[in-house]
Amino acid sequence: MDKGLHFMFCVLTTVLLLRESSHAGAMRNDDAASKDTDLMGPEENLPTLTVTTILEDPYVMVRRAELEGYCIDLLKALASMLHFSYKVKVVGDGKYGAVSSNGSWTGMIGEILRKEADIAVAPLTVTSAREEVVSFTTPFLQTGIGILLRKDTMSQEMSFFHFLAPFSKETWTGLLFAYVLTCFCLFLVARLSPCEWNEPKNEENHFTFLNSLWFGAGALALQGVTPRPKALSVRVIAAIWWLFTIALLAAYIANFTALLSSGSEQLPIQTFEDLVKQRKLEFGTLDGSSTFYFFKNSKNPIHQMIYEYMDKRRDHVLVKTYQEAVQRVMDSNYAFIGESISQDLAAARHCNLIRAPEVIGARGFGIATAQASSWTKKLSIAVLKLRELGDLDYLRNKWWETSCLHKSRERWSPLQPQALGGLFLTLAIGLALGVIAAVVELSNKSRHAAGHVKKSCCSIFTEEMCTRLRIKENARQSQETSGRANA
C-alpha cells in the first residue's frame, strides 16, 4: 500500500514538472517573438521628409498625374541609401528663392525657412546669399551661365572677302612674303647660273623679274608657264615652289571646306561681349534667379552692362519660367541667359536652338536643407557615393538624351602661320639649296675659264658675278659704243 502511494506521488510530481517546463518554454518563445517585432518596427516606421521642388524639364515633370525627372530619380536613390520616406510638393509661388522687397525669402528657400519643407531637391544654384540662411549639400550637378539662341537669328551675310577667311592675316602676309622671295631667288639664280645663262654679253636672259613673278603665279594656279628652267639650280627652286603651292592649296581647300560646313564663322554671338554689342536680339534671364543677381553683383564692366540692360527693361526681357524662356527664344529675336546645363537640354530637345560657346560663373546645383539640420551631412555623403558609383552620370545621360541628328559644332578658327611652319621651313631650305647650286655652277665655270686665261679663279668668279649682276649697265655701255661707231 505504501509503495503504491509513493509511486502515484512520483508520477504526479513528474507530470507537474513537465507542464511547468513546457509553459516556461512557451513564455520564452513569446518573449523572443515580441523582441523580433520590436526590431522590425524602426524599419517599417521610416522618417518622412517633406521635399519642395519646382517644375522644370527634365528635373521635375508631370507625366500621367505623377512626377518624374532627374531630381525625382535622385530623390529615390537618396531615400533608398539613407532609409527615409518622402512627400514631394511643388513650390507654391513657382520661384527658386530670392529676397523680396520686405526682406523675406521667396520660393523654395522661403518654404524651408518657414519650415513648410524639410529639404529642396531641385536645380537650385548654390550661392553665398542662400548659404547664409540655409545649408547646401555637395553639388550633384555642375553648371555655369550661358547664352541660348535660335540658329537662324544668329546667321549673318558673308563678307565680300569671305574667301580670305581660311587663313589668318598673319598667314596671308607670310605667303605674300614667301611668293616675292621665291620669285626673287628665281631671278637671281637664273642670272648666276651659267647653265641657264651661259653668255651674258650675247644671250638674253628670259628669267627677268617680271617673268619670275609670272612663273610663281602660274605655279599657284597649277598652270605651266614659260620660261622653262634649264639649270639644276633653277629647277630646284621651281620644284620646291611647286611642292609648296600644292601643300598650300590642299590646306586652303580643306580649311575652306571646314569653314563652310561648320558654320562657326556665321555665329556673331560667341561671347557675352558680342551679345552686348549687337542690337538685333533682346536678352534676359529668369526674374529673381541667381543668374540675375550674378550680373547685379559682378564688377566686370560687360556683366554690369548686361545687368543695366535687363534692369531697365525687366518687365519686358525677364521671364517667369524656364519653359517661357525657351518658347520665347524659338518664337522671337530673343537670347536667354541662364544655366548652361539647362540650355544644353533645350538644344538637345529643340534642334533649331544652340548655346553660344562661352560659359561663365562656374557653379553647382545642391540640395538645400535647414541650417544645423542633421540631414545635410548625410545627404552630402550620399551624393558623393552616387557620383563615385557612376549613378549621377547615368542620370545625366538618361535625361539629357538628344533627339537631334545633326553633328555637334566644333568652333572653327583661321589657319595660323604656326600650322604651316614646316612648309615655310621646307621652302626656305629649297631656296637656299638653289642659290648654293647656282654658286657652285658659276664657280665651276670660273675654274675652267681661269685655266685657259691663266688668271686666278677668284678674279674670274668676281668678274663673272659683276657681269651677270650689272648686265644692264654693260648693255647700255655697249649700245652707246655701237652708236658712236655708227656715227
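Note that the coordinates shown come from a computational prediction; the quantities given were computed from them, not determined experimentally.
Side chains of Pro229 and Ile237 form no contact here, defined as non-hydrogen atoms less than 4.5 Å apart. Between Val133 and Leu113, some side-chain heavy-atom pair lies under the 4.5 Å cut-off. Looking only at side-chain heavy atoms (C-beta outward), Thr369 and Val134 stay at 4.5 Å or farther from each other. At least one side-chain heavy atom of Phe365 sits less than 4.5 Å from a side-chain heavy atom of Thr125. Side-chain contact between Thr50 and Lys89 is present, with at least one heavy-atom pair separated by less than 4.5 Å. Using a 4.5 Å heavy-atom threshold, the side chains of Asp287 and Val319 count as separate. For the pair Met81 and Leu386, the minimum side-chain heavy-atom distance is below 4.5 Å. Under the 4.5 Å side-chain criterion, counting only non-hydrogen atoms from C-beta, Val383 is in contact with Leu392.
Taken to the nearest 0.5 Å, the NZ atom of Lys95 stands 12.5 Å off from the CH2 atom of Trp105. Interatomic distance, CZ of Arg355 versus CG of Leu345, reported as 12.0 Å (0.5 Å rounding). In this structure, OG1 in Thr321 is found 11.5 Å from CZ in Arg328, a value given to the nearest 0.5 Å. To the nearest 0.5 angstrom, Glu170 atom CD is 11.5 Å from Leu175 atom CG. Distance CG/Leu148 to NE2/His350: 9.0 Å, rounded to 0.5 Å. Separation of atoms CD1 (Ile306) and CD1 (Ile360) is listed at 6.5 Å; rounding is to 0.5 Å.
Distance alone, capped at 3.5 Å, places no donor-acceptor pair between the Asn352 side chain and the Arg150 backbone. Side-chain N or O atoms of Thr106 include one that pairs as donor or acceptor with a backbone N or O of Ala98 at under 3.5 Å. Here the side chain of Ser233 pairs no donor or acceptor atom with the backbone of Val435 at under 3.5 angstrom. In this structure, the side chain of Lys320 does not engage the main chain of Gly94 through any donor-acceptor pair within 3.5 Å. The main-chain N or O of Lys169 is found under 3.5 Å from a side-chain atom of Thr173 such that the two form a donor-acceptor pair. No donor-acceptor pair closer than 3.5 Å links the side chain of Thr52 to the backbone N or O of Ala120. Between the side chain of Tyr179 and the main chain of Leu213, a donor-acceptor pair closer than 3.5 Å is present. Thr285 places a side-chain N or O within donor-acceptor distance of the main-chain N or O of Ile337, the cut-off being under 3.5 Å. Under the 3.5 Å distance criterion, the side-chain polar atoms of Asn333 are left unmatched by any main-chain donor or acceptor of Leu281. Side-chain atoms of Gln343 come within 3.5 Å of backbone atoms of Ile147 as a donor-acceptor pair (strictly under, hydrogens ignored).
Ring geometry, His303 versus Phe294: the interplanar angle falls from 30° to 60°, so the pair is classed tilted. The aromatic rings of Phe295 and Phe272 are tilted relative to each other, their planes meeting at an angle between 30° and 60°.
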ask   = Would Lys296 and Asp311 count as a salt bridge (charged side-chain N to carboxylate O under 4.0 Å, His left out) if you check the C-alpha gap in whole Å, the side-chain angles of each, and the deciding distance to 0.1 Å?
value = CA-CA 9 Å; Lys296 179 180 179 180; Asp311 189 50; over 6 Å; no

key: Stepwise side-chain contact (heavy atoms from CB on, under 4.5 Å) check, Met310 with Leu318   = CA-CA 7 Å; Met310 294 190 298; Leu318 297 183; 4.3 Å; yes

inquiry  = With side-chain contact (heavy atoms from CB on, under 4.5 Å) as the criterion, how do Val276 and Gln304 come out once you've worked through the C-alpha distance, each side chain's angles and the decisive distance to 0.1 Å?
reply    = CA-CA 10 Å; Val276 172; Gln304 281 296 308; over 6 Å; no

Which donor-acceptor pairs under 3.5 Å do side chains of residues 240-251 form with protein atoms, sequence neighbours excluded?
residue, atom, partner, partner atom, Å
Trp241, NE1, Gly216, O, 3.2
Thr245, OG1, Trp241, O, 3.2
Thr245, OG1, Trp242, O, 2.7

Which pairs would a plain distance check flag for residues 135-145, meaning a side-chain donor or acceptor within less than 3.5 Å of a matching protein atom at least two apart in sequence or in another chain?
residue, atom, partner, partner atom, Å
Thr137, OG1, Ile367, N, 3.1
Thr143, OG1, Glu339, OE1, 3.4
Thr143, OG1, Ser340, N, 3.4
Thr143, OG1, Ser340, OG, 3.3
Thr143, OG1, Ile341, N, 3.3

In a table with atom names and distances, give each donor-acceptor pair under 3.5 Å that connects a side chain of residues 180-188 to protein atoms at least two apart or in another chain.
residue, atom, partner, partner atom, Å
Thr182, OG1, Ala178, O, 2.7

Show every donor-acceptor pair shorter than 3.5 Å between a side-chain atom in residues 58-70 and any protein atom, with sequence neighbours excluded, or say none if there are none.
residue, atom, partner, partner atom, Å
Tyr59, OH, Ser342, OG, 3.3
Arg63, NH1, Glu68, OE2, 2.8

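Scanning for side chain to side chain contact (heavy atoms under 4.5 Å, CB included) contacts around Val90 gives Leu55, with sequence neighbours left out. For Tyr252, the ring pair (Phe, Tyr, Trp, His ring centres under 6.0 Å) criterion is met by Phe167, Phe256, not counting sequence neighbours. With sequence neighbours left out, Phe292 forms a ring pair (Phe, Tyr, Trp, His ring centres under 6.0 Å) with Tyr307. Residues satisfying the salt bridge (Lys or Arg N to Asp or Glu O under 4.0 Å) test with Lys377, not counting sequence neighbours, are none. For Tyr334, the ring pair (Phe, Tyr, Trp, His ring centres under 6.0 Å) criterion is met by no residue, not counting sequence neighbours. Every residue meeting the ring pair (Phe, Tyr, Trp, His ring centres under 6.0 Å) condition with Trp375, not counting sequence neighbours, appears here in chain and number order: Phe84.
Between the side chains of Gln278 and Asp274, not a single donor N or O lies within less than 3.5 Å of an accepting N or O. Looking only at atom types and distance, the side chain of Thr48 has a donor-acceptor partner in the side chain of Ser85 under 3.5 Å away. Between Ser298 and Asn300, the side chains place no donor N or O within less than 3.5 Å of an acceptor N or O (distance only, hydrogens not considered).
The side-chain hydrogen bond (donor to acceptor under 3.5 Å, both in side chains) pairs that include a residue from residues 380-396 number zero, where partners must be two or more places apart or lie in different chains. Among pairs with a residue in residues 118-145, none fulfils salt bridge (charged side-chain N to carboxylate O under 4.0 Å, His left out), at least two apart in sequence or across chains.
Shortest non-hydrogen contact noted between Gln323 and Asp57 is NE2-N, 3.5 Å.
Asp73 has a carboxylate O that lies under 4.0 Å from a charged side-chain N of Lys398, or vice versa, which qualifies the two as a salt bridge. The pair Glu273-Lys277 meets the salt-bridge criterion, with a side-chain N (NZ, NE, NH1 or NH2) lying under 4.0 Å from an Asp/Glu carboxylate O. Ion pair Glu308/Arg313 not flagged as a salt bridge, since none of the NZ, NE, NH1 or NH2 atoms sits closer than 4.0 Å to an Asp/Glu carboxylate oxygen.
When the shell of 6.0 Å around CH2 of Trp399 is examined, it contains more than 12 heavy atoms from other residues, nucleotides or ligands.
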